[in-house]
Amino acid sequence: MKKLLIVYHTMTGGTRQMAVAAAEGARAGEDIEVCLRRAQDARPEDVLHADGYLFATPENLGAMSGMMKDFFDRSYYAALDRINGRPYASMICAGSDGQNALRQIDKIATGWRLNCVAPGLIVCTDAQTPERILAPKVLGEEDLRRCRDLGEALGAGLALGVF
Ligand SMILES: Cc1cc2nc3c(=O)[nH]c(=O)nc-3n(C[C@H](O)[C@H](O)[C@H](O)COP(=O)(O)O)c2cc1C
């Protein structure tokens with residue numbers, strides 16, 4: 001059975017909802033095992049033992065979150081040249097932008113020689129004041145559906161061996 005690893009970090013809950021929705025979508029398919037890991041818990045072995053990846057992070061200060069970067073820092077050389085060609089996609093939860101966090105993940109994935117199989121998915125929470133940024137996030141159904149669809153497509157593609 002093929003395994004999809006979803007690694008995410010969240011501060012105010014938005015990215016967690018995205019990751020959980022994507023996991024639900026992937027689990028809706030057959031012949032796919034989904035491993036949902038917080039960035040702080042994810043280990044290089046998780047990366048090595050997966051067949052495909054979904055990376056999900058907030059954009060903080062124009063970058064992926066520090067905890068997500070820590071996951072890549074801890075995993076990068078342990079996995080280098082051992083996961084070439086495997087498929088991946090990314091999801092960003094952003095207050096207004098998200099593009100640079102996406103670029104950063106794509107750059108790391110390029111170093112890993114991963115194969116990007118879906119456009120980066122950015123959910124904008126319109127959090128642009130300190131109050132809104134620090135408030136817990138509740139994502140709308142349409143955004144969650146996009147995440148579920150991405151998870152489902154990744155899971156199905158992996159299970160069918162189309163990537
Ligand atoms: C320290 C900090 C910096 C942030 N910087 C950005 C930013 O550069 N661009 C952006 O679009 N959103 C920025 N945000 C907003 C978050 O991306 C937004 O609140 C998002 O919903 C957080 O996701 P989470 O709920 O998974 O933590 C920032 C939030 C924090 C706490």
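Read the numbers this way: they start at 1 and go in the same order the structure lists the ligands and their atoms. Just so it is clear, the values below take in all heavy atoms, side chains as well, and ignore hydrogens, waters and symmetry mates.
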Q | The single option from Thr12, Thr125, Thr10 passing side-chain hydrogen bond (donor to acceptor under 3.5 Å, both in side chains) against Lys137 | A | Thr12
Q: Could you tell me whether Glu142 and Arg145 have a side-chain N and a carboxylate O separated by less than 4.0 Å?
A: yes
Q: Report the residues that fulfil salt bridge (charged side-chain N to carboxylate O under 4.0 Å, His left out) with Arg146, sequence neighbours left out, ordered by chain and then residue number.
A: Asp143
**Q.** Protein residues that have a heavy atom under 4.0 Å from any atom of ligand 1, sorted by chain and number
**A.** Thr10, Met11, Thr12, Gly13, Gly14, Thr15, Pro58, Glu59, Asn60, Leu61, Gly62, Cys93, Ala94, Gly95, Ser96, Asp97, Gly98, Thr125, Ala127, Ile133, Lys137
**Q.** salt bridge (Lys or Arg N to Asp or Glu O under 4.0 Å) partners of residues 49-70, not counting sequence neighbours, each pair once
**A.** Lys69-Asp73, Asp70-Arg74
Q.
Applying side chain to side chain contact (heavy atoms under 4.5 Å, CB included), can you list everything that pairs with Arg82, at least two apart in sequence or on another chain?
A. Leu48
Q: Working to the nearest 0.5 Å, report the span between CG of Asn115 and OH of Tyr53.
A: 12.0 Å
